[in-house]
Amino acid sequence: MSWWRDAAIYQVYLRSFADGDGDGVGDLAGLEARLPYLRDLGVDALWLSPWYDSPMADGGYDVADYRAIDPSFGTLQDAERVIGAAHQHGLKVIVDIVPNHTSDRHPWFQEALRAGAGSPERERFHFRNWPNNWQSRFGGPAWSQVDDGQWYLHLFDSTQPDLNWDHPEVRAEFTSILRFWLDRGVDGFRIDVAARLVKQQGLPDKPEEHPDLPSFADGKPAADKDRPEVHEIYRDWRRVLDSYGGERCFVGEIWLDDPERFARYLRPDELHTAFNFAFLKCAWEAGALRDVIDRTLATHAKVAAPPTWVLSNHDVTRHATRYGREDTAFTGRLHRVPSDLGLGTRRARAAALLSMALPGGVYVYQGDELGLPEVFDLPEEARQDPVFRRTAGLDLGRDGCRVPLPWGGEAPPFEFGAGGAWLPQPREWRELTAARQLGDADSMLSLYRLALRVRRDEEALGDGGMRWLESGEGVLAFERDPGFTCVVNLSRREVDLPEGAPLVASAELGEAAAGPARLPPDAAVWLRTGN
């Protein structure tokens, strides 16, 4: 079976993972030194956020050179060495590719500015004499004006001009970029903004009543999202990937509510997997989770693709914080909503076991294994996310889930590096450092290490099927063959467990005077059942 069908993949947000040269920014030297930690955690692969040469206006998602490593991270030789070292530790390497837009410092865009209106250089982007009514995903208009009066499209920050994927040079360039990194041994690509590459011809206004229409209210693709032509691009890319042989894969960042449209990206000649954002956004409610799981499995079965299960990433509020709120669904970055962190952490422990027990692959965002919460009280002068600037501070942005990891020690920077950290870490994180948690059998890190080890060893886990079991209100229970049961208690009462030997539990199980053990609220357990 292909490794990517049931892999546990760890997201490395490089700037915040580990700093090897003491400048306060995570880098490839820091990552290489911590590879044994990731091996021992029990994951199968790493997904690295963009490491390319970049002005860092959007944390590296504004790429100036797709074939060079940003100097703050190291060199191309460092990247090649990390790929090789990861492979020696038994870890696959997936790198981010950003095809929707470049940096405004990219040579192509600089050439377009110099060449002027009507030039061939401007045809690689979306320049026009008048803007339409599209809005940026980061706030404000999706158009900026240049000195000669023309406007260019940027669905994100003004420093990130959108590429014109109808242009043959754009398509040829990214085929070359894929080959460049495949030649250096990467095992796959995570595709940023995968559904937005192709725009509707003529760039028409969106309906006035829905100027930023996010989905498909009329059953048709949006003007800036999920155009049918995008599938041709991914079929071409798949042929490139397959030509290298081996077990290389694509994973798409695809925010689509419509399951049928989502599934089209996972047809056998397109992408291998895609992030399951419906699961990430789901509230901590038994009925809602069961519905999302059922829909996910049914959608993926139609195209014989494996599901993925993800709880957090570098763009969303950490789930230990979300799950501690009265409304536990992800409905956007809500920064001023109270959270009971103790409750959120208990639920996060249970959610980890749920996600790892479901069929398919699972993603772990760095720091989830430490139970890190969202950081809200960053000083304004420290914030770097362009969302904060473009919304005049109404949206605090994504810096709060990108605070550098605490590795050890009693005070910041918690052994992240010798020279501080590019975002300040809360002093109370001294209780959450990796070093401290490694010495605590009941810690979040110990739970992840145990669960990932059992997941790898258990024949029943990973890709395959599942069956729901009868359970009380507020409880999820399912079987996987051979002889594995997962029970998640989302109710407010203890519940009886079926017969079986506990393999992993997110909380201490209760003992009954007679009969089976009991599972406390907001907890999950894996059981060995049957013969």
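Index from 1, following the sequence.
- Here the options are V310, T308, L311, the test is side-chain contact (heavy atoms from CB on, under 4.5 Å), and the partner is F279; only L311 passes.
- Considering OG of S2 and CG of D463, their distance stands at 9.5 Å, rounded to 0.5 Å.
- Between D44 and K92, no side-chain nitrogen of the basic residue sits less than 4.0 Å from a carboxylate oxygen of the acidic one, so the salt-bridge criterion is not met.
- Contact check on R238 versus D242 returns a salt bridge, with a Lys/Arg side-chain nitrogen under 4.0 Å from an Asp/Glu carboxylate oxygen.
- The backbone N or O of V292 lies less than 3.5 Å from a partner atom in the side chain of T296, making a donor-acceptor pair.
- To the nearest 0.5 Å, the span separating NE2 on H154 from CG on D104 amounts to 10.0 Å.
- For R235, the CZ atom counts as densely surrounded, since its 6.0 Å shell holds more than 12 non-hydrogen atoms of other residues, nucleotides or ligands.
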Open item on the list: Using the rule given for side-chain contact (heavy atoms from CB on, under 4.5 Å), can you reason through V98 versus Q160, listing the C-alpha separation, both sets of side-chain angles and the distance that settles it, and then say yes or no?
Closed with: CA-CA 11 Å; V98 187; Q160 297 167 291; over 6 Å; no

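- With Y37 as the fixed residue, the ring pair (Phe, Tyr, Trp, His ring centres under 6.0 Å) test singles out one of W407, Y10, Y448: W407.
- One distance of note links CZ of R449 with OG of S446; it measures 7.0 Å at 0.5 Å rounding.
- Cation-pi check for R390 over F138 is not met; the charged atom does not lie both under 6.0 angstrom from the ring centroid and within 45 degrees of its normal.
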Open item on the list: Evaluate W284 against D522 for side chain to side chain donor-acceptor pair (under 3.5 Å), listing each step before the verdict.
Closed with: CA-CA 9 Å; W284 184 249; D522 295 310; 2.9 Å; yes

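- In this model, no donor atom of one side chain and acceptor atom of the other lie less than 3.5 Å apart for D19 and W422.
- Inter-residue side-chain proximity for S506 and V488 is flagged as unmet; no heavy-atom pair is nearer than 4.5 Å.
- With contacts defined as side-chain heavy-atom distances shorter than 4.5 Å, the pair L432/M444 does not qualify.
- Judged purely by atom type and a 3.5 angstrom limit, T328 has no side-chain atom pairing as donor or acceptor with the backbone of R325.
- Relative ring orientation between W47 and Y363 is described as perpendicular, the plane-to-plane angle rising above 60° on a 0-90° scale split at 30° and 60°.
- The aromatic rings of Y323 and H319 lie perpendicular to each other, with more than 60° between the two planes, well past the 30° mark.
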- [ ] Go through the steps for L405 and R34 under the test side-chain contact (heavy atoms from CB on, under 4.5 Å), then give the verdict.
- [x] CA-CA 12 Å; L405 295 189; R34 298 289 183 178; over 6 Å; no

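- Residue-environment remark: CD (E508) stays at or below the threshold of 12 foreign heavy atoms within 6.0 Å.
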Task: Verdict with supporting geometry, S312 and R322, side-chain contact (heavy atoms from CB on, under 4.5 Å) - done: CA-CA 10 Å; S312 289; R322 300 198 316 268; 3.8 Å; yes

- [ ] Evaluate side chain to side chain donor-acceptor pair (under 3.5 Å) for R15 paired with S72, printing each intermediate quantity in order.
- [x] CA-CA 9 Å; R15 289 197 302 169; S72 66; over 6 Å; no

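- Atom CD of E459 has 12 or fewer heavy atoms from other residues, nucleotides or ligands within 6.0 Å.
- Using the six-membered ring where Trp is involved, W51 and W181 have ring planes that are tilted, between 30° and 60° apart.
- A salt bridge links D78 to R81: one of the charged nitrogens lies within less than 4.0 Å of a carboxylate oxygen.
- A cation-pi geometry, defined here as NZ or CZ lying under 6.0 Å from the six-membered ring centre and within 45° of its normal, does not hold between R105 and F109.
- Side-chain atoms of D62 and T159 include no donor-acceptor pair closer than 3.5 Å.
- Put simply, the side chain of P36 reaches to within 4.5 Å of the side chain of H89, judged on heavy atoms.
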Open item on the list: Under the criterion side chain to side chain donor-acceptor pair (under 3.5 Å), I'd like the reasoning laid out for N313 against Y13: C-alpha separation, chi angles, the key distance, then a yes or no.
Closed with: CA-CA 9 Å; N313 65 26; Y13 188 73; over 6 Å; no

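- No side-chain donor-acceptor contact under 3.5 Å links H101 and D157.
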- [ ] Apply salt bridge (charged side-chain N to carboxylate O under 4.0 Å, His left out) to R402 and D315, showing your working.
- [x] CA-CA 9 Å; R402 301 176 177 184; D315 283 332; 3.2 Å; yes

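- Look at R383 and D385 and you find no salt bridge, because none of the NZ, NE, NH1 or NH2 atoms lies under 4.0 Å from a carboxylate O.
- Between the side chain of D224 and the backbone N or O of L155, no donor-acceptor pair lies under 3.5 Å.
- Looking only at side-chain heavy atoms (C-beta outward), V403 and L378 come within less than 4.5 Å of each other.
- Using modelled atom types, no side-chain atom of D53 and backbone atom of A64 make a donor-acceptor pair closer than 3.5 Å.
- Residue E380 places its CD atom among 12 or fewer non-hydrogen atoms of other residues, nucleotides or ligands, all under 6.0 Å distant.
- Looking only at side-chain heavy atoms (C-beta outward), L452 and E369 stay at 4.5 Å or farther from each other.
- The aromatic rings of Y66 and Y52 are tilted relative to each other, their planes meeting at an angle between 30° and 60°.
- We find that R456 and D6 are not joined by a salt bridge, their nearest charged nitrogen and carboxylate oxygen being 4.0 Å or further apart.
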TODO: Just do the salt bridge (charged side-chain N to carboxylate O under 4.0 Å, His left out) check on E173 and R124 with the steps written out, would you?
DONE: CA-CA 11 Å; E173 171 68 356; R124 296 166 174 157; over 6 Å; no

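- Here CD of E111 is found 6.0 Å from CZ of R114. Values are rounded to the nearest 0.5 Å.
- We find that R398 and D58 are joined by a salt bridge, their nearest charged nitrogen and carboxylate oxygen being less than 4.0 Å apart.
- Here the NE2 atom belonging to H314 is positioned 12.5 Å from the CG atom belonging to L14, to the nearest 0.5 angstrom.
- At a threshold of 4.5 Å between non-hydrogen side-chain atoms, the residues E247 and D187 do not count as touching.
- Without hydrogens or angle criteria, R171 side chain to W165 main chain gives a donor-acceptor distance under 3.5 Å.
- Put simply, the side chain of N100 reaches to within 4.5 Å of the side chain of D162, judged on heavy atoms.
- Using cut-offs of 30° and 60° on the angle between ring planes, the pair H272 and F250 is tilted.
- In this structure, D399 CG and E374 CD are separated by 9.5 Å, a value rounded to the nearest 0.5 Å.
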TODO: Carefully, step by step, assess V193 and Y61 under the rule side-chain contact (heavy atoms from CB on, under 4.5 Å).
DONE: CA-CA 10 Å; V193 195; Y61 284 91; over 6 Å; no

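- Aromatic ring pairs are classed by plane angle as parallel below 30°, tilted from 30° to 60° and perpendicular above 60°; the pair F125 and W108 is perpendicular.
- Ring orientation note: the planes of F277 and F275 are tilted relative to one another, at an angle of 30° to 60°.
- Looking only at side-chain heavy atoms (C-beta outward), V82 and V93 stay at 4.5 Å or farther from each other.
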TODO: With salt bridge (charged side-chain N to carboxylate O under 4.0 Å, His left out) as the test, would you mind laying out the steps for R436 and E410 before giving the verdict?
DONE: CA-CA 10 Å; R436 178 168 293 198; E410 296 296 317; 2.8 Å; yes

